[in-house]
Structure formats: structure tokens, C-alpha cells
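Structure below; questions to follow.
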Amino acid sequence: MGTTSAQNNGGLGRRDVIKRSAAVGLVGIPAVGFLSACASGGGNGNDDAKPDKGKTSAKNPLGVNATAPLDYVIFDGGFGTEYAKDANALYNKAFPKAKVTLTATQKIQTQLQPRFNGGTPPDLIDNSGAEQMDMGVLVGQKQLADLTPLMDAPSYDDPSKKVRDTLRPGVLEMGQFNGKPMYVMNYAYTVYGVWYSQTALDRFDAQYPETWDDMLALCAKAKKKGVAGWTYAGKYPYYIPFSLFPFIGKIGGREVLDAIDNLEPNCWKAPAVKAAFDAYYELYAKGYILKGTPGLDHIQSQTAWTQYKALFIPDGSWVENEAAKTTPKDFQMKVAAPSSLDASDKMPFGTIWAAGGEPYIVPAKAKNPLGGMEQLRIMLSEASSRNFTQKVKSLSSFNGGTDGLTLTSALQSGVDALKKAGSNVLNPRLQDWYVDLEKQKIGVGALGEMMAGRMTPAECVKKCQEFSDAAAKDSSITHYKHQ
């Protein structure tokens, strides 16, 4: 299986070989659950409690009330909170008479859903993590403020440029829904893909496998030495798409992912989806997944990976900071695009998923929405961006801020991956248009089951399609489409 040549496989193409080799017995592993993230509407507006607008000036282009309190809630996750505190200190300096409350939590939905329902949400929220509130629902229920005033405001460093003109490609569109005004400002610029340690590969005298045959050959070699090929966040299997979705797009073209985002009929029945599922199932079938992975959360799987128990893990660029405590100094963490399945792939090797991440929102019923937007304007300055990159080892959505910085191997590999991809950058929207569908149903209810061996690829395709069709027919949710 070390070559893509059909001749070496008895005339079979790679997809046919995968279908045959994936046909093995299943094992029973207890199902794992996960806290679904969704938002419900409601609320009784507190418009009369909003402070008067302040006087606009060169230093205060949004007209923030200088004495109005600012209520800011941040997700305490992979990026930590220090970068936010640093940017918040700049807000305090600009508005010293304003009382600022910065709250860090991992329970975004648990703590904030009652406040949304009561009409008293914070002024700025980092809506991230396992308890992320469903962005599509929030937009559909008109719970979010239009961030166009922020986008059209002068940038923090250069008044001749609008904030929108300082963003990396795709960030503005990522915050839009059906081409409408911008509702979400994704602050981090995330590179998703297959993460690995060059040190670990060096032990097997290997480079990152650019073909699926080479991937399987390397996994087989590692297995003989007692090292697993892959692990993933088994309790949160919506991490699997971080490498699986761009793999599907590479095989069948970006239109396959667009169809999935659009909830089109038979979108999951595309040949590229089945081929990708078969390939990933082969990792399970051949015993290349770290034993016990279905019971691991994201931290545990990352720890196993940094302890050299597995070669590869699907993740996003926050992983460097999140796994910092367990990562050996000589680990040489890197990210790569999905391997090529075979020569018939529609897109070249290097095709990758990169997009805005760490979504920030300003609630429509916030008491000080302009204050929330001003805090974002400060965060989108060169100094704050550089600080973010230095502190959390990730790019920000500000298009710059890295000049003169010494980048880690992980961050440099992300920059290199984006350069190699060129225009072949994919941006699936299922995870922000339909959070519950992508995480709880597709992730936990289908992909997690398949990768644990409790569901065949064909059954997984069928289940994903059923979930997609149900969402498409659900009149209680707002539907979105690529424009």
C-alpha cells in the first residue's frame, strides 16, 4: 500500500482499495456524550438603560461614552486571557473613568444564556469553546449588533485606513451571514489541519506524508514500534473535521463543502465524502488510532500526542498554546495540509482550511455596544496583534504584526502552509452557521461513532445526510447559503 499506482494494487484505484481494506469487524466501545451548544432567543430590551453616546473625535471615532461601564466576557481556553487583559488595559487608559469588568469563563452558554434571555447581556463576548452559543441562531433571532460601524471606523494605527481594510483575507466574509452586515469579528486567524512533531517523524526517518498511501505506510511503521498513527478529541469528535473537511474539499473541490454548508439534498452522498470517510475509517480498521482515543477529551488527546504516543492529530493553531505545558522543548510542532488521496483529487496538495477563529460578538441589547466595538478596534491594532502572536503563538486577523518576530516552528509552519496553499484555502461554514448540527449531530452522532468503529462509512454518510436534511427542513432555525 506504499504507492498510488493502480498496477501495484491489482488494477484497483485508491478508493477501491480503501473500500476493501476498511471492511473489517467492528468493536463495541461505550458511547460518549458532549454538552451541546445552542442559544435560545427571547429577552426584554433595556434600551432605556444605554448610556448617551460620547463625543466623536480622532481618538474616539466611534463616539464611546467615556464614563460608561464596559462588561467584557472572555472564553478561558486555548488562547488564555492575558492578551485580552493587555488590550483591555489600553481601553482603560483611553477611558480612565469607565468601570471595566473582564470576566473569564469556560461556561459561555451556561453563564450567558440567562443574561441573553433576560435582556442583560455583556457588551463584548468571546463566544468560543465547547459551550459556544450558536452563532446562526443568535443572528437569526437578531441578538447580535451589526459591526459595520467598527468595520468602517478608522483603524487604530492608520486613520487613512478603515478597520475592514486591515483584516486578513476572508475574515470579513466569515462574520457575515447570507451576505448581510457583519455580526461576528473572528479575532484569531486559525490554520486547521494535521498537526505533528517533526522530531517524532525524524525518529522514523520520515517527512510529512503527502499521499494517503504514504500516510498508511508511516502509520504501519509506527505501529510496529508501539506508536499510534493518530489520535483525536474522542469526547469532542467535532475536532475531526479540522483535517477531514479540507480532505473532502481537496478530493472533490470546494463546491462539495459549499453544498454541505448549504444543506443541499444528497450533499453528503458526494463521492468525495464517501472516499474521505473510507480513508479515515481505514485508520481505525488497521489499528492506527491510539487505543482509548474515543474516551479522551481535547486536552488528554493533545497530551498523548505531545508525549509521542501518536504521530498526528487534527487540530487548529490554538493547539500550540493550549498544549504548551506538556510539549517538550525539542518537539518541533508543525501543521500540514491533508495528504492527497490519489491523482484524481480536484485540488492540489497544500489545499488547507484557514479562517478567522475565536469569534467575538457584541450583543444587540448590550448597554455599551460602542464600548465593545472600541475594545475590538484596539485589539485590531498592530501592537495588540503582535502581543497576541507573541503571547499565544497564533496569528491574529489583523493583516500584519509579525514583522521582526521570531516565530516558533508551529507558527512558522502555519505561515508556510498558507503560502504553499496560495488561493487553495478552504473555509467551511457549517461550524458557525449551524453549531449544533456540526458539533452534536455530525461530530458526536456520526463521525465520532465511525472513528470509534461503531458505524461504517456508508452508515456515517447516511446519518450525516439525515441530520442535514432535518436541519434543512427545520423552520425554527435560520438557514444560510454561500453567496
Side-chain angles (χ1 to χ4, degrees), residues 34-39 75 77-79 108-109 125-140 144 170-171 173-178 182-194 232-233 235-249 254 256-264 267-268 273 276 298 314-319 322 338 352-361 394 397 425-448 451 464 467-468 470-472 474 477-482:
F34 126 94
L35 181 60
S36 63
C38 61
F75 171 66
F79 292 136
I108 293 294
Q109 182 184 342
I125 303 168
D126 173 15
N127 183 30
S128 191
E131 283 204 37
Q132 178 189 59
M133 293 179 290
D134 193 317
M135 223 77 71
V137 172
L138 291 173
V139 172
L144 302 185
V171 174
E173 292 76 12
M174 190 74 181
Q176 296 175 323
F177 293 72
N178 283 346
M182 186 178 185
Y183 292 106
V184 182
M185 178 60 235
N186 291 278
Y187 185 63
Y189 198 70
T190 303
V191 178
Y192 303 94
V194 182
Y232 58 89
K235 287 186 176 180
Y236 308 120
Y238 56 82
Y239 275 55
I240 296 170
F242 295 153
S243 61
L244 179 59
F245 279 5
F247 189 40
I248 292 172
R254 64 180 75 240
V256 177
L257 295 179
D258 287 353
I260 289 174
D261 291 340
N262 293 342
L263 306 181
E264 294 178 11
C267 57
W268 287 95
V273 175
H298 58 302
D315 224 315
S317 46
W318 60 79
V319 66
E322 195 167 59
I352 204 164
W353 177 5
E358 209 63 11
Y360 275 79
I361 54 176
S394 176
S397 287
V425 175
L426 301 170
N427 186 8
R429 300 299 303 274
L430 202 68
Q431 69 168 358
D432 57 303
W433 284 354
Y434 308 103
V435 173
D436 184 59
L437 171 64
E438 197 268 348
K439 288 186 174 180
Q440 182 68 3
K441 296 183 173 65
I442 301 297
V444 176
L447 296 178
M451 294 305 293
C464 288
F467 287 142
S468 179
D474 189 346
I477 61 177
T478 303
H479 297 102
Y480 304 99
K481 291 187 181 296
H482 285 276

Give me the one residue out of D258, V256, L257, I248 that meets side-chain contact (heavy atoms from CB on, under 4.5 Å) with L426. L257
Report the distance from atom NZ of K441 to atom CG of D436, rounding to the nearest 0.5 Å. 3.5 Å
With E358 via side-chain hydrogen bond (donor to acceptor under 3.5 Å, both in side chains) - residues at least two apart: S128
Residues which pass side-chain hydrogen bond (donor to acceptor under 3.5 Å, both in side chains) with N186, listed by chain and number, not counting sequence neighbours: none
For P338, is there any backbone N or O sitting under 3.5 Å from a side-chain donor or acceptor partner on S243? no
Rounded to the nearest 0.5 Å, the CD1 atom of I442 sits from the SG atom of C464 at a distance of 4.0 Å
Any side-chain heavy atom of F467 within less than 4.5 Å of one from Q440? no
Tell me, please, which residues at least two apart from S397 pass side-chain contact (heavy atoms from CB on, under 4.5 Å). V171, M185, Y189
Which atom names give the shortest non-hydrogen contact between I108 and D126, and what distance separates them? CD1-O, 3.6 Å
May I have the step-by-step check of side chain to side chain contact (heavy atoms under 4.5 Å, CB included) for I477 and W433, ending in yes or no? CA-CA 10 Å; I477 61 177; W433 284 354; over 6 Å; no
Would you indicate whether the side-chain heavy atoms of M182 and M174 approach each other to under 4.5 Å? no
Would you mind reporting whether Y192 and P246 have side-chain heavy atoms less than 4.5 Å apart? no
Approximate separation, where rounding is to 0.5 Å, of D261 CG and H479 NE2: 13.0 Å
Hits for ring pair (Phe, Tyr, Trp, His ring centres under 6.0 Å) against Y434, two or more places apart or cross-chain, chain-then-number order -> none
Any chance you could lay out the side chain to side chain contact (heavy atoms under 4.5 Å, CB included) test for D432 and V184, step after step, and finish with the verdict? CA-CA 10 Å; D432 57 303; V184 182; over 6 Å; no
Set of residues satisfying side-chain hydrogen bond (donor to acceptor under 3.5 Å, both in side chains) with respect to Y360, sequence neighbours excluded: Y72, Y83
Residues that S394 engages under side-chain hydrogen bond (donor to acceptor under 3.5 Å, both in side chains), provided they are two or more places apart: none
Looking only at non-hydrogen atoms, find the nearest pair between K439 and G129 and report the distance. NZ-O, 3.1 Å
Gap between atom CD1 of I260 and atom OG of S468 - 0.5 Å precision: 8.0 Å
Just to verify, what does R254 make a salt bridge (charged side-chain N to carboxylate O under 4.0 Å, His left out) with, not counting sequence neighbours? none
Between A188 and F79, what is the shortest heavy-atom contact and its length? CB-CE1, 3.6 Å
Which atom pair, heavy atoms only, marks the closest approach of L430 to E438? O-CB, 3.8 Å
Among residues at least two apart in sequence or on other chains, which ones pass ring pair (Phe, Tyr, Trp, His ring centres under 6.0 Å) with Y232? none
Check side-chain contact (heavy atoms from CB on, under 4.5 Å) between H298 and all other residues, then give those that pass, not counting sequence neighbours. A233, Y236, Y239, Q302, E322
Nearest atoms (heavy-atom pairs only) where P359 meets Q132: CG-NE2, 3.5 Å
Mind checking salt bridge (charged side-chain N to carboxylate O under 4.0 Å, His left out) for D315 and listing every partner two or more places apart, or none if nothing turns up? none
Is the W318 ring parallel, tilted or perpendicular to the F242 ring (thresholds 30°, 60°)? perpendicular
List the atom of A471, the atom of L437, and the distance in Å for their closest heavy-atom pair. CB-CD2, 4.0 Å
F75 vs N127, side chain to side chain contact (heavy atoms under 4.5 Å, CB included): CA-CA, chis, key distance, verdict: CA-CA 7 Å; F75 171 66; N127 183 30; over 6 Å; no
Not counting sequence neighbours, which residues clear side-chain contact (heavy atoms from CB on, under 4.5 Å) with T478? List them please. Y480
May I ask you to test the L244-P314 pair for a side-chain heavy-atom distance under 4.5 Å? no
Look at the side chain of N427 and the backbone N and O of A355, then say whether any donor-acceptor pair between them is shorter than 3.5 Å. no
Given M135 and F177, is the side chain to side chain contact (heavy atoms under 4.5 Å, CB included) satisfied, shown in steps? CA-CA 10 Å; M135 223 77 71; F177 293 72; 4.0 Å; yes
Who pairs with E173 by side-chain contact (heavy atoms from CB on, under 4.5 Å), at least two apart in sequence or on another chain? Q176
